[in-house]
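Keep in mind that the numbers below use all heavy atoms, side chains included, and drop hydrogens, waters and symmetry copies.
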Amino acid sequence: TTDVLIIGAGPTSLMLALELFLQNISFRTTDPPPSRSPYSCTFVIHARSLELLSRHERIIPNLVKRGTFNLSVKLFSNKKPVFTINLQDTTFKDTMFPGPLFVSQAITEEVMDGALAVYGHAVEWGVTAVKVEQDDECADVVLQHADGIEENYVVGCDGAHSIVRKLAGLSFEGAAYPQDFILADVQLEWEHKANLHIFIGHYRLLAALPL
């Protein structure tokens, strides 16, 4: 028995696992897929998250080395420049990080996995929660590959189709966007690697984020 079972193994889950380790709280992390995806659903780490991660050895140097700090935002309309926002001109000077760090989610997870490995922890892949029940004392969880286990807390970090939310009878408020979006990790020769570029046309929008 551990204190906390974390279901899902994305950046939110890994951040929670690292925090629990610092607080000397026992935990397990599980996720149904057999392994990680090499593609990005998220691509930015903000200053406060970087500050929290800096308490763990080697995470920040590894992320900074493989990511890009976004120092400005440039907006174009019908191929013409409209304005530029310099993010280094902000009034927030009480952080060691100059701006949001753009980095592939796959890299972020790889680096955070490495930090957890140093602490003697790893994600348990191919494990699905099929039943979650709770009372005033604890939560009882049935995992697909094992008999039932008893945990003090269960945390659902398993995304929009969360099995934890469904088993708890909670609804997912909101609705899907009517538009379709394409998100792609691509290799591109780009003149201004430290800037977010947003291009607006008559019928389309393109955002290019350096990773």
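- The shortest heavy-atom contact between G8 and T29 is O-CG2, 3.4 Å.
- Nearest heavy atom pair, residue S54 against residue F97, reads CB-CZ, 4.5 Å.
- Atom CG of L50 and atom OG1 of T95 lie 7.5 Å apart (nearest 0.5 Å).
- The shortest side-chain heavy-atom distance between R28 and I6 does not fall under the 4.5 Å cut-off.
- No side-chain heavy atom of L75 sits less than 4.5 Å from a side-chain heavy atom of I85.
- No side-chain heavy atom of F181 sits under 4.5 Å from any side-chain heavy atom of L183.
- For the atom pair I200 CD1 and K80 NZ, the distance stands at 14.5 Å (nearest 0.5 Å).
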**Q.** Candidate pair V82 and K74, rule side chain to side chain contact (heavy atoms under 4.5 Å, CB included), full reasoning
**A.** CA-CA 8 Å; V82 177; K74 295 186 177 182; over 6 Å; no

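- Under the rule for a salt bridge (charged side-chain N to carboxylate O under 4.0 Å, His left out), R165 has no partner lying at least two apart in sequence or in another chain.
- Side-chain contact check for L5 versus I7: some heavy-atom pair is nearer than 4.5 Å.
- Counting only heavy atoms from C-beta outward, the side chains of L143 and V130 never approach each other to under 4.5 Å.
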Could you tabulate the donor-acceptor pairs under 3.5 Å formed by side-chain atoms of residues 109-122, not counting sequence neighbours?
residue : atom : partner : partner atom : Å
E109    : OE1  : R36     : NH1          : 3.4
E109    : OE2  : Q105    : NE2          : 2.8
E110    : OE1  : R66     : NH2          : 3.4
E110    : OE2  : R66     : NH1          : 3.0
D113    : OD1  : R36     : NH2          : 3.1
D113    : OD2  : R36     : NE           : 2.7
D113    : OD2  : R36     : NH2          : 3.3
Y119    : OH   : H56     : ND1          : 2.9

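- Taking both residues in full, the closest heavy atoms of V164 and G156 are given as CG2-CA, 3.7 Å, listed atom of the first, atom of the second, then distance.
- Side-chain contact between D158 and I163: present, with at least one pair of heavy atoms (C-beta onward) separated by less than 4.5 Å.
- The backbone N or O of G201 sits nowhere less than 3.5 Å from a side-chain atom of R204 that would complete a donor-acceptor pair.
- The aromatic rings of F76 and F199 lie parallel to each other, with less than 30° between the two planes, well short of the 60° mark.
- Taking SG of C138 as the reference point, atom CD of E133 lies at 10.5 Å (rounded to 0.5 Å).
- For the residue pair A9 and V123, the shortest heavy atom distance occurs at CB-CG1, 3.6 Å.
- Both L209 and F83 belong to a single network of hydrophobic side chains, linked directly or stepwise wherever heavy atoms of I, L, V, M, F, W or Y lie under 4.5 Å apart.
- Residues F27 and I25 have side chains not in contact (no heavy-atom distance under 4.5 Å, counting atoms from C-beta outward).
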Q: Given side-chain hydrogen bond (donor to acceptor under 3.5 Å, both in side chains), test N195 with S72 step by step and report yes or no.
A: CA-CA 5 Å; N195 304 315; S72 68; 2.4 Å; yes

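- No continuous path of hydrophobic side-chain contacts links I198 to Y177 [ILVMFWY only; heavy atoms under 4.5 Å].
- Taking 4.5 Å as the limit, every side-chain heavy atom of L101 sits out of range of all side-chain heavy atoms of V44.
- When all heavy atoms of A106 and S37 are compared, the closest pair comes out as CB-O, 4.2 Å.
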